[in-house]
Every structure is written in structure tokens, then in C-alpha cells.
Amino acid sequence: MGAVGKSAQFPLHIWLPDAMEGPTPVSALIHAATMVAAGVYMLTKIFVMLTADALLVIALVGAFTSFLAASIAITQNDIKKVLAYSTVSQLGYMVMSVGVGAYAFAFFHLVTHAFFKALLFLGSGSVIHAMHHEQDMRKMGGLRKKMPITYYTFLVATLAISGIPLFSGFLSKDGLLAGTYAFGMLTGHWSIAVFGFVVAFMTAFYMFRLVYMTFHGEPRDMHKYEHAHESPKVMTIPLIVLATLSIWIWYTPNPMDPEAGWFLNKIEKQTTVVPQDMRFNFMQSEEAEAHGERAVAETTAHESHESAEGEEVIHSEMYMHAMHEAHVPTMILSIILALGGILLATWIYLWRKVDPDKLAKSMPWLYDFSLNKWYIDELYEATFIAGTLRTSEGLSVFDAKVVDGAVNGAAALTRGTSRLSGWFDTYVVDGLVNLVAFLSGFFGFAFKKTQTGKVQNYVLLAVISVIILFIIFLPFF
């Protein structure tokens with residue numbers, strides 16, 4: 001779930017297209033390297049800790065995410081939004097590759113994708129700059145003549161992400177798809193491989209749709225087209241550098257075999273780590289049963305060797321053998337699908353053999369479903385967001401009526417108690433104190449007349465007091 005959130009996998013994929021709203025250099029960093037890379041990188045690091053069930057879930061989530069995002073990118077008209085959903089789709093590819101056990105190719109694709117996706121976003125920024133901040137591809141067209149450097153570098157990145165030979169994306173994508181093919185052979189989960197190959201076709205289609213709508217055909221906004229021009233060197237030089245790094249030669253001298261290069265040898269020394277229970281699942285598959293005891297022996301008697309750090313590395317010979325068997329058919333099929341996607345995009349958007357608007361109107365429900373991103377945003381709006389708002393409104397009422405009511409009731413009770421206490425203090429406590437004071441004053445006032453300060457009066461009173469006492473006590477004598 002951490003990788004799902006960080007690397008924008010279904011169902012937490014919706015934040016990434018919104019993140020493309022920033023400037024294109026920021027978009028390039030977010031979508032190509034710094035941010036979204038973390039989830040895939042983490043999965044490759046913890047691969048050896050994952051169980052077969054966990055890997056299957058990872059593979060399914062990645063496969064579905066790649067298909068979901070690709071199906072949305074097909075109909076988007078904002079140039080950066082197409083690239084944003086393309087990023088989600090390619091990240092799904094990487095997650096899927098980790099899940100099927102080809103984690104080295106997932107990491108390989110993470111690296112190659114960083115270069116050509118950064119190039120695509122910076123290229124879109126160059127186009128947006130030339131078109132005076134216009135991002136709608138329906139208002140572009142014909143920019144190939146105005147912006148040759150941007151066009152050809154953008155084309156290199158498009159060929160790379162489409163998986164065309166001689167470009168870096170072909171190397172990593174071929175190994176990635178071979179991993180899904182091998183996984184299907186060993187476990188019977190062919191749906192993951194089907195998702196992978198279908199997305200390869202869709203990627204080539206929507207990327208060349210973007211190229212044709214942006215750089216080919218007639219200009220659809222003459223005012224902006226007339227003022228369009230090639231970007232300055234501060235923008236085109238990074239495009240050239242990234243386009244150069246999207247060529248195969250930087251990764252392997254053999255443009256058709258990614259395993260012949262230094263990159264995979266550096267990552268994994270051409271071994272693929274498979275957890276113990278995944279090997280057990282492989283061993284129980286129909287393919288393993290078909291191989292008989294030899295397959296079981298190859299799977300269970302796995303080879304171990306010590307890594308540079310002295311840690312044991314275990315890999316499945318059976319899986320590696322399946323990967324090698326899958327390489328050639330995967331390569332042929334992926335090239336055919338990529339060329340098919342390019343041809344279909346050329347047929348519709350360059351040669352105009354089919355009017356795309358009429359095609360969209362012929363299947364409105366499917367077109368709207370893709371254009372509105374499977375209505376997932378609306379679903380979240382109606383459920384999670386609306387639910388959160390309704391919950392907050394309910395909590396607000398609870399706070400106002402219950403919490404504040406209790407507080408206000410306590411305050412009213414306190415005021416009533418304080419009034420009663422004040423009355424008691426005023427009339428009872430203070431009344432008693434005042435009564436004592438009054439009586440003291442009264443008796444004091446009454447007896448102060450006897451204090452004249454004259455000796456003869458005091459003598460007279462003493463004689464009278466003796467006489468009174470004599471009269472009182474005389475009967476007792």
C-alpha cells in the first residue's frame with residue numbers, strides 16, 4: 001500500500017495526473033525520477049522478503065494499473081495529461097515486473113523511463129512555451145517545421161517509450177514482458193502477460209497520437225502557430241542530452257539483447273531472486289509437471305552463491321530458463337504490437353483515413369468512459385469526498401448540539417449554582433454575620449451608657465449591685 005500511494009497505483013493513482021499542473025521541469029522531476037520512483041525502488045529492495053501471494057497481488061495491481069492508465073491516456077487532449085497517465089501506466093509496468101519476479105528489469109525500466117519521460121515532459125514544456133501556454137493538442141499541429149529540435153528529440157523519447165528497437169525503452173520493456181511471459185508459463189497466470197502486451201500496443205498508439213496531433217498536420221490555431229518558434233538553448237540542450245541517453249548504446253552493445261550489457265550484470269549478474277514459496281508454486285504448476293522430475297530437481301536444487309557482502313543469493317534456474325525461452329517470442333510480439341499501435345495512430349491521425357471525431361461518436365459510451373477517466377474521480381467525489389463532507393457536517397452538528405450543548409448546559413448549571421450560592425452567601429452567611437454584628441452593636445450601644453467614666457457612678461452601681469444580690473440570695477440564708 002505504501003508503494004501504491006507513492007508510485008500512484010490503482011486505486012491511489014489519481015494524485016499523479018493532478019501533480020502535472022506545475023511547471024514542466026517540476027513535472028519532469030516528479031514523473032520521471034524523484035517522487036514516483038520511490039515506490040518501485042522500495043519494492044525492488046524488499047523483493048526477497050515477499051511471499052508468492054504478495055508478489056501475485058503486486059503483479060495484478062501493476063498490470064491492471066498499466067492498462068487503466070493507458071486506456072485513459074488514449075483520449076486525453078491535454079498534452080501533459082497524456083504524459084501523466086503514461087507515467088502511471090509505465091509505473092504499473094514496473095510494479096507488474098516486480099510481481100512476476102523480473103525485478104531487475106523493473107529497475108532497468110525505472111532508469112530508462114526516467115530519461116525518456118523527463119524528455120517527454122520537457123519537450124511538452126517546449127511546445128507549451130512556443131504555443132503561449134496552450135496545452136490542448138486540438139489547438140496545435142504543424143509544429144514540426146517550427147520546432148525541429150523539439151520534434152526530433154520528442155520523437156526519440158516516443159520511440160523509446162513505444163518499445164522500438166535501438167532505443168532504451170525497448171531493452172527494458174522487452175525484458176519486462178519476457179518476465180510476464182515466463183510467469184505465465186510457470187504459474188498459468190496469463191492474464192498478467194495479456195495486460196502487458198495490450199498496454200504495449202496502447203502505449204505506442206497514444207504516444208504517436210500525441211506526436212501527430214502536436215507536430216504534424218495543419219495548424220489548428222494560426223495565430224499561435226505564426227508566433228511559435230524553437231525554444232532557446234537553455235531548453236533545447238537538456239532535450240538533446242536526454243534524447244542521447246534514450247539510445248540503446250548506453251546500456252548494452254547489443255540492441256536486441258538487454259542481458260548482454262553492463263546494466264543488468266551490474267544489478268543482478270543475470271540472476272533473478274525468487275522467494276521459496278514462489279519456487280514451490282512454480283513447482284506445482286502444469287509446466288513444472290510437464291517437465292517431470294527434472295523440473296522439480298532444477299527448482300528445488302537451486303543454486304546458491306555468496307554475494308560481495310557475504311549474503312546468500314538464491315535464484316530459480318527454472319525461472320531463468322523460462323525467461324530465456326520467452327525472450328525471442330516476447331521480442332517479436334512486442335515489436336509487432338508496437339508497430340501495430342504506431343500504424344493505427346498513423347492511419348487515424350496522420351493519413352486521416354478515419355475521422356477520429358466520427359470514430360469517437362460511433363462509440364460514445366466507450367469514448368466518454370475513457371475521456372472521463374473511468375469516472376473514478378467522480379466515484380471518489382461521490383463516495384469518499386462526499387462522505388467526508390457529510391461526515392464533517394454531521395460532526396459539526398454533533399459538535400454544535402451535543403458537545404457545545406453539554407458545555408453550554410454545564411455553563412448554565414454553573415451560573416444557576418453560582419446564583420444560588422450567591423444568594424445563600426448574601427442572605428444566609430452574610431445575614432448571620434451581619435446579625436452578629438448588629439447584636440454586638442446593639443448591646444454595645446445599650447451598655448455604653450453605663451460607662452460614664454465617673455467614680456461616684458461606678459460606686460453607686462456597685463452598691464446597688466450588692467443590694468440586688470443581697471435581695472436575691474437572702475431567701476437562701
Lys373 and Gln76: CA distance, side-chain angles, deciding distance, side-chain contact (heavy atoms from CB on, under 4.5 Å) verdict: CA-CA 9 Å; Lys373 299 161 287 189; Gln76 300 306 304; 4.1 Å; yes
Please round to the nearest 0.5 Å and tell me the distance separating atom [atom1] of [X] and atom [atom2] of [Y].
X	Y	atom1	atom2	value
Arg138	Thr214	CZ	OG1	12.0 Å
Thr150	His229	OG1	NE2	10.5 Å
Leu371	Leu366	CG	CG	11.5 Å
Met202	Ser89	CE	OG	7.5 Å
Phe64	Phe195	CZ	CZ	6.5 Å
Thr87	Lys117	OG1	NZ	3.0 Å

I need the minimum non-hydrogen distance between [X] and [Y], along with the two atoms involved.
X	Y	value
Ser124	Lys80	OG-CG, 3.9 Å
Met137	Leu210	SD-CG, 3.6 Å
Leu176	Met94	CD1-N, 4.3 Å
Ser162	Met207	OG-CB, 4.3 Å
Arg209	Ala73	NH1-O, 3.9 Å
Thr180	Val100	N-CG2, 3.9 Å

N/O donor-acceptor pair under 3.5 Å between [X] side chain and [Y] backbone:
X	Y	answer
Asn372	Asp368	yes
Ser421	Thr417	no
Ser370	Ser71	yes
Ser97	Tyr103	no
Ser418	Thr414	yes
Tyr367	Lys361	no

Contacts of type side chain to side chain donor-acceptor pair (under 3.5 Å), residue Ser231, not counting sequence neighbours: Ser126
For residues [X] and [Y], determine if any side-chain heavy atom of one lies less than 4.5 Å from a side-chain heavy atom of the other.
X	Y	result
Asp136	Asp78	no
Leu171	Thr112	no
Ile128	Ile79	yes
Val111	Phe107	yes
Leu143	Val127	yes
Phe116	Leu242	no
Glu230	Met235	no
Tyr41	Lys45	yes

Aromatic ring pairing Tyr380/Phe384, orientation class (parallel under 30°, perpendicular over 60°, tilted between): perpendicular
Geometric class of the Phe183/His189 ring pair [parallel <30°, tilted 30-60°, perpendicular >60°]: parallel
side-chain contact (heavy atoms from CB on, under 4.5 Å) between Ser172 and Phe105, worked out: CA-CA 6 Å; Ser172 54; Phe105 285 101; 5.6 Å; no
Taking only distance into account, with no hydrogens and no angle test, what donor-acceptor pairs under 3.5 Å do side-chain atoms of residues 433-442 form with protein atoms, sequence neighbours excluded?
residue	atom	partner	partner atom	Å
Asn434	ND2	Asp430	O	3.0
Ser440	OG	Val436	O	2.8

Under 3.5 Å side-chain donor-acceptor pair for Tyr206 and Ser86: yes
Atom CH2 of Trp15 with >12 non-hydrogen neighbours under 6.0 angstrom: yes
Derivation and outcome, side-chain contact (heavy atoms from CB on, under 4.5 Å), residues Ile376 and Phe10: CA-CA 10 Å; Ile376 292 176; Phe10 176 83; 4.2 Å; yes
Partner of Ser7 by side-chain contact (heavy atoms from CB on, under 4.5 Å), out of Val40, Leu12, Leu16: Val40
Aromatic ring proximity, centroids under 6.0 angstrom, Trp374 and Tyr85: no
side-chain contact (heavy atoms from CB on, under 4.5 Å) between Val211 and Phe154, intermediate numbers included: CA-CA 8 Å; Val211 169; Phe154 200 95; 4.0 Å; yes
